[in-house]
Amino acid sequence: MDFKRYLITAALPYANGPVHIGHLAGCYLPADIYVRFLRSQKKDVQFICGSDEHGVPITIRAMKEGITPQDVVDKYNTIIKNSFEEMGISFNIYSRTSSKIHTETAQAFFLNLYNKGIFEERESEQYYDESKEMFLADRYILGTCPVCGNNNAYGDQCEKCGSSLSPEQLIDPRSALSSASLVKKKTKHWYFPLDKYENWLKEWIVEGKKDHWKSNVYGQCKSWLDNGLYPRAMTRDSTWGVPVPLPDAVGKVLYVWFDAPIGYISATKELTNLWSDYWCNEDTKLVHFIGKDNIVFHCIIFPAMLKAHGGFVLPESVPANEFLNLEGEKISTSRNWAVWVNDFLKDFPDQQDTLRYVLCANAPETKDNDFTWKDFQDRVNSELVAIFGNFVNRTFVLMHKLCKGRVPKMHNDIVDVSDNGLADDIVATKLKVEQNIENYKFRDALYEIIDLARKGNKYLQDKAPWLLAKTPELQLENQQKIDNCLHVCLQLTANLAILINPFLPFTAKKMCFMMKVVERMLEWENAGRLDLLKVSYPLRAPELLFKKIEDIEIEQQINKLKETQKTIKMSETTDKMDNTETVRQEIKLEVHAPKQEITYEDFAKLDLRVATIIGAEKVKNADKLLKIELDLKTEIRTVVSGIALHFKPEDIIGKQVTIVANLAPRKLKGIESKGMILMAENEDGRLIFVSPLEKADAGSEVK
RNA sequence: GGCGAGGUAGCUCAGUUGGUUAGAGCACAGGAUUCAUAACCCUGAGGUCGGGAGUUCAAAUCUCCUCCUCGCUACCA
């Protein structure tokens with residue numbers, strides 16, 4: 001299909017922290033390369049992005065820092081926007097979801113679906129903080145983790161042991177906003193019936209995109225579709241977000257995942273009155289650049305929303321990248337294990353293109369990749385400096401030395417095979433780069449360009465004009481050879497500028513300056529031409545395109561990381577979903593609120609007993625569960641405990657433990673669990689049984 | 001446990017519908033050279049293609065089993 005317009009979106013970064021190299025490599029850089037490539041072909045393209053500024057983690061961060069959520073998003077929106085701008089990520093607009101136009105657009109979208117009767121209204125019971133008069137999202141609820149005993153676990157996850165939780169599972173749930181205990185109250189929400197779009201999605205993706213989408217994206221979607229889809233709540237009880245535009249919805253906002261993708265639409269509206277040309281025409285090619293953590297939202301939920309609404313184009317492709325690791329470990333915002341873009345810009349001024357280069361050459365296109373500073377240095381020094389930069393530099397130096405600083409004439413009567421060969425290489429490279437970019441293979445495309453520069457070096461080496469200049473007796477004849485050689489090298493340099501432009505725009509610009517040509521020369525259709533630089537045109541003195549990275553520089557960066565590593569606690573609660581945008585970051589809440597005082601009667605309700613483990617085995621089809629047989633003297637009972645990640649069954653047999661003996665029984669994976677084993681947890685996340693110091697009789701009461 | 005994506009030279013990755021001695025770049029070693037940011041150019045060493053079994057005249061490539069990494073998902077009193 002021939003597309004008339006291109007609408008390119010990059011995932012909306014969550015305005016809860018700066019952007020790091022993982023974000024760049026996963027999403028923004030490939031998107032920018034793609035867009036710059038399209039623009040150089042004079043395509044009609046809009047590149048849309050903006051901050052995602054709603055959601056619970058932002059409100060929690062605000063609370064923690066004692067400022068308003070608006071302050072938080074204002075701060076990070078500025079930092080993020082500046083980082084992108086300085087890195088040359090060329091959005092047509094970088095908007096934000098806290099804008100008025102977004103609120104209106106998202107509400108109108110919601111109402112459209114509402115009026116069509118698409119939503120299902122459902123009531124459920126949720127925790128409510130009476131002192132603050134509000135319902136609490138899972139993240140606002142703190143309590144004791146039933147798995148590891150951490151008393152600051154969140155309602156959706158315990159950060160100490162990594163267990164994912166629901167608020168109902170927390171022991172002694174309390175509000176993170178006040179010290180009040182919680183009551184349960186009914187609340188109503190609007191659910192989007194994803195299940196009703198299952199068949200349509202299957203047809204659209206499973207059949208329609210099979211050979212077309214990247215295998216990781218297609219596979220992930222198919223997995224979701226095969227597992228079956230379910231209605232999803234599209235509203236939340238909160239005051240931070242887009243208010244639900246219904247009279248009976250006070251204190252309710254749109255779920256961030258409902259409003260965030262609509263942000264692409266509202267940002268386009270903000271950008272241009274012609275927004276509907278891009279969003280509502282079949283001949284627009286819509287491409288979402290995202291990280292792999294967003295696949296389900298961009299491939300399943302958002303398309304279903306667009307379909308339900310009607311009148312919108314659907315994404316033609318969603319080229320999601322995998323994750324970028326840093327020095328062998330997952331990038332983590334909360335643990336500060338990251339290279340922040342704003343830090344990089346400070347430490348490596350005017351070297352945006354070196355970072356762009358390395359992140360593209362090593363982009364996680366097909367699998368998770370590792371960024372190391374050593375690799376950064378190697379790639380910059382041996383590919384950018386030694387191959388590309390060096391070719392351009394030696395061409396310019398030789399031209400100044402041997403051709404009086406002007407583009408030499410091409411003597412057509414002595415053109416040879418290697419001249420023609422290089423000309424063919426330029427055209428071939430152009431085609432390969434085009435094909436690779438169109439297939440979202442940016443790594444390969446970039447390699448082809450470096451390889452062309454490599455061919456240039458070889459050509460120069462074979463011709464050795466510096467030797468020709470050393471034989472005065474053949475001066476006239478040799479000068480013609482020199483002219484041809486440098487003419488070709490200069491035309492190649494101009495072509496390299498065009499080809500590298502989408503990837504390294506700062507460098508292309510510098511090259512234009514040196515060649516004294518206007519930037520219009522960089523238009524893609526000019527690639528392949530051998531008359532880009534006019535004969536006898538005087539060129540500027542060479543200027544080094546790239547700076548070598550010295551050992552000391554990367555040592556400093558590595559030391560910096562080592563420092564953070566020291567401060568990282570052993571506890572390996574890595575936050576997943578952290579490499580790209582809408583990452584709801586983990587935040588450590590420094591809340592050590594003591595629990596509410598209880599009476600002796602409260603305590604006396606507990607029946608704590610010493611028991612001896614006499615048997616233990618892994619529960620089938622469960623990673624975290626151990627089925628444990630306990631000797632209580634008067635009886636043998638079975639307890640299922642979520643500690644399988646911490647202990648091997650054979651290692652715990654014979655140990656004495658303390659259990660809550662009168663906890664209501666509960667079936668887990670079909671096994672009735674009667675009681676709960678008490679565990680202490682170390683700072684490093686290790687679990688330790690709470691046992692009597694000396695051997696006690698099995699069944700002894702603990703009081 | 002289920003599902004998805006990967007596991008190919010020290011490192012980063014190619015390997016199309018199974019077909020001769022498995023490729024490239026970097027790093028490493030040797031040589032040549034000096035126009036160039038000690039860069040470039042040439043040559044070389046290197047891998048039982050995660051492991052095992054099978055189909056085949058022929059398997060990195062197809063089938064089955066198994067191990068490891070990453071992600072999604074279930075279990076967490």
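The basis for the numbers below is simple: all heavy atoms, side chains too, and nothing from hydrogens, waters or symmetry mates. Model, not experiment: these values are computed from the prediction. By convention in this document, chain letters (A, B, ...) are assigned in the order of the sequence lines, proteins followed by strands, and residues within each chain are numbered from 1.
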Distance only, no hydrogens: is a donor on one side chain within 3.5 Å (strictly under) of an acceptor on the other, for A:Lys605 and A:Asn662?
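No, no side-chain donor-acceptor pair sits under 3.5 Å.
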To the side chain of [X], which of [options] is closest?
X: A:Leu668; options: B:U34, B:C75, B:G6; result: B:C75
X: A:Lys470; options: B:A39, B:U37, B:C35; result: B:C35
X: A:Trp466; options: B:A36, B:G71, B:U33; result: B:U33
X: A:Lys330; options: B:U34, B:C70, B:A36; result: B:C70

Sugar-phosphate only, base, or nothing, as touched by [X] at under 4.0 Å among non-hydrogen atoms:
X: A:Lys214; value: nothing
X: A:Val397; value: sugar-phosphate
X: A:Leu544; value: base
X: A:Lys458; value: sugar-phosphate
X: A:Asn362; value: sugar-phosphate

Which residue, A:Thr372, A:Asp551, A:Thr354, A:Val358, forms the side chain to side chain contact (heavy atoms under 4.5 Å, CB included) with A:Gln377?
A:Asp551
Indicate whether OP1 or OP2 belonging to [N] is found under 4.0 Å from a side-chain N or O atom of [X].
X: A:Thr366; N: B:A14; answer: yes
X: A:Ser215; N: B:G6; answer: yes
X: A:Lys401; N: B:A36; answer: yes
X: A:Lys548; N: B:A39; answer: yes
X: A:Arg443; N: B:A14; answer: yes

Generate the contact string for nucleotides 24-29 of chain B. Rules: B means base contact, S means sugar-phosphate contact only, - means no protein heavy atom under 4.0 Å.
SSSS--
Mapping A:Leu663 and A:Asn216 to their closest nucleotides on RNA chain B, which lands nearer the 5' end?
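Its nearest nucleotide being more 5', the pick is A:Asn216.
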Closer to the 5' end of RNA chain B via nearest nucleotide, is it A:Lys547 or A:Val619?
A:Lys547
Step by step, would you call A:Trp224 with A:Tyr197 a ring pair (Phe, Tyr, Trp, His ring centres under 6.0 Å)?
CA-CA 13 Å; A:Trp224 271 82; A:Tyr197 295 84; over 10 Å; no
Side-chain donor/acceptor pairs under 3.5 Å, residues 387-394 of chain A, sequence neighbours excluded:
{"unit_1": "A:Asn390", "atom_1": "ND2", "unit_2": "A:Ala386", "atom_2": "O", "d": "3.4"}
{"unit_1": "A:Arg394", "atom_1": "NH1", "unit_2": "A:Asn457", "atom_2": "OD1", "d": "2.9"}
{"unit_1": "A:Arg394", "atom_1": "NH2", "unit_2": "A:Gln461", "atom_2": "OE1", "d": "3.0"}

According to side-chain hydrogen bond (donor to acceptor under 3.5 Å, both in side chains), who are the partners of A:Asp368, at least two apart in sequence or on a separate chain?
A:Lys292
Pick one: which of A:Asn439, A:Asn321, A:Thr366 meets side-chain hydrogen bond (donor to acceptor under 3.5 Å, both in side chains) with A:Lys214?
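So, applying the side-chain hydrogen bond (donor to acceptor under 3.5 Å, both in side chains) to A:Lys214 and each of A:Asn439, A:Asn321, A:Thr366, only A:Asn321 qualifies.
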Aromatic ring pairing A:His23/A:His20, orientation class (parallel under 30°, perpendicular over 60°, tilted between)
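Parallel.
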Suppose you measure atom P in B:A24 against the same atom in B:A9; what distance do you get, rounded to whole Å?
14 Å
